[in-house]
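Notes for the one structure printed next.
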Amino acid sequence: MNRERLQELFAEAVPTSRILIDDKTLEIYSRDMTENPPGSPDLVIKIHNSEEAQKVVGIARANRIPLTPRIAGTNLGGLSLAPRGGAILDLTEMNRIIDINPDDMLAVIEPGVTFRQLVDELKERDLDLTIGIPLSPPYTSIVANCLLDGLGNLSLVYGAMGEWIAGLEVILASGQTIRTGAWAVSDIPFSRSPLPDLTGLFVSWQGTTGLVTKMAVELKPRLPMCKRLFILTYDRRTTYELMRRLARLRLCDDIGGLSWPTGKMLYGIAKPKLRDPNEPEFFTYVDMSAGTMKELTAKLEALMALIETVRREKGGDIEEPFDIETLCKLAPEFNAFAEFPTDLKFLTENPGGGLTWVGTYGPMSRFERAADLGIEIMERFGFPPVIVSRPMKGGHFGVLRFIETFKRDDPSEVEQVRNCNKELLDMILEQGFIPYKTPAWAVERLLPRMWPGTHDLMRGIRKLMDPTGIMNPGRWRLDPEDGK
Amino acid sequence: MKSSPSLIIVDQDQMSLLGLMMSRIVGDNLARPEGAARASKMSGRLGVTAGRMSLTIDFNQGIVSVTRGLGGPVKARVKGSLGSLMRIALGQGPIRSFLAGEVSIKGNPLFALKAMPFFKVKQRDRGEA
């Protein structure tokens, strides 16, 4: 079906002015920052509300047209590309904050609501509430981050963002609209409990089971006293030891270890390749908050005591912590870390334009080994070893990311980054870590390791929920045309 | 990194984080008329060690170059923890740090003290003016 015919078809659901079929637009929507092959969308539909979304799904189902949701398009898994053509559903303008319920600490939002938007709204209303904020640009979508089970700056305390979802409103491929969690019965979407947890059918499924049009998300108390400290450590073993112990003390809201190239990239060195053996290998930021100054002081004392213990017991070389205000006075380049949400432009606007990662969740007990192996691989491929490590959910697990910037328009560098990522992924899977926001290329390498029957069940669920396979096809190898 | 034309960062791509931070501060000071004037009257090399990291800062009649590590003869050498040198940069007097034993100076202490203003973050840089 040609583009004009497709535009005509969907014009029954959405005004033609919001159905884009010109080459320039389709080119923009066919790409993202990553090394993933470009998609081939036939049209872009800008959806404004649930009613339009429902009609679009109905037309797509009747005509077997693939639908790929997209908001900021900044996920590093290539998940908002359209590998099988069809329509990209641009949800950026479906961005109403429908409700903020301070008493029950909930917000109900549409998919296009950004972190900046909600944070500003909470400030505007003078509410002492917040949401977990990722290290991604302020214009990224909260719904997308939650549905893809990303993380934020409170994931150490409250877990991955998928766990923050209290309920969803979803348009199924059948055209039916459902609600999950307590929201299926109660007018207040207070929890995923106590009904059967259908929310899980949409978390990390990458849009293959339905189109989420509303999300109830938990908000968390924002305490009045807060402190962000930076701790420099000279080796990763000390960093991870400190990180694990600190996570268990329940002192911190967030702990994030960034490897040495990150600091230099802030100074405009695009690809720092050589580390001064005498310089710190990691700088770790530590966020603390408290209800009173007395409580905050006590937490800081406990932190200092822990640092002293790690120095004494493990011989770890740790510099005395300094706060973000001090750091920014000395080095204004670090302002990027002063307040979240933030845009780490040395990554998102790097000179080559390409940004990708192997981003994984896994056991913190293996951080050292995985980092050792990952650094060796990245250096062998000529990439600076940019690593971000953060404990999550009280230290039960953590995130370990290997990040590369590259020249997006240089085919040889794209190939190099693909090969590097494949090696990184194979290594990290071997260590028991699992990529989140999993790109299609990583699914290929992950599935042979999946427990027998699990993928069959996933395919069965997909068949049940989307028998025509229109919802973001090409993800998780769920459809008959994907092969086994 | 933007800096004064009279600042040279030797092998910037391989410079340590300390070197980049110090270079930024030195560059900001050199960009000021009083800083440039002071630098034009200075000649000699200063070794700086903060924590495990070291730098050599060469003053050569208005041109200042920053090199990673300690190399060659120096007129003076300043050594302290990263924290103590940061405090000097933020305004704590170097003599106080020296007297408190936080910082040691070897060689020509007058040369070291003369160089110290280049490592100090000026008030207006801090947005406090």
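Just so we're on the same page: letters track the sequence lines, and every chain starts at 1.
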Can you establish whether the number of heavy atoms outside Lys271(A) located under 6.0 Å from its atom NZ is more than 12?
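Check passes, neighbour count above 12.
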Would Phe282(A) and Tyr240(A) count as a close aromatic pair, with their ring centres under 6.0 Å?
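Judged by ring-centre distance (under 6.0 Å), Phe282(A) and Tyr240(A) do meet the cut-off.
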Output field: ring centroids Phe334(A)/Phe283(A) closer than 6.0 Å:
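Yes; Phe283(A) has its ring centre under 6.0 Å from that of Phe334(A).
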Glu325(A), Glu320(A), Arg275(A): which one forms the most heavy-atom pairs within less than 4.5 Å of chain B?
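Ranked by heavy-atom pairs under 4.5 Å with chain B, first place is Glu320(A).
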Would you mind telling me which of Leu330(A), Leu232(A), Thr326(A) has the largest number of heavy-atom pairs within less than 4.5 Å of chain B?
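If we count pairs closer than 4.5 Å to chain B, Leu330(A) comes out on top.
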Run the side chain to side chain donor-acceptor pair (under 3.5 Å) check on Thr239(A) and Thr233(A) step by step: do they pass?
CA-CA 6 Å; Thr239(A) 309; Thr233(A) 45; 2.7 Å; yes
Given heavy-atom pairs under 4.5 angstrom as the criterion, report whether the side chain, backbone, both or neither of Met15(B) touches chain A.
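For Met15(B), backbone heavy atoms alone lie under 4.5 Å from chain A.
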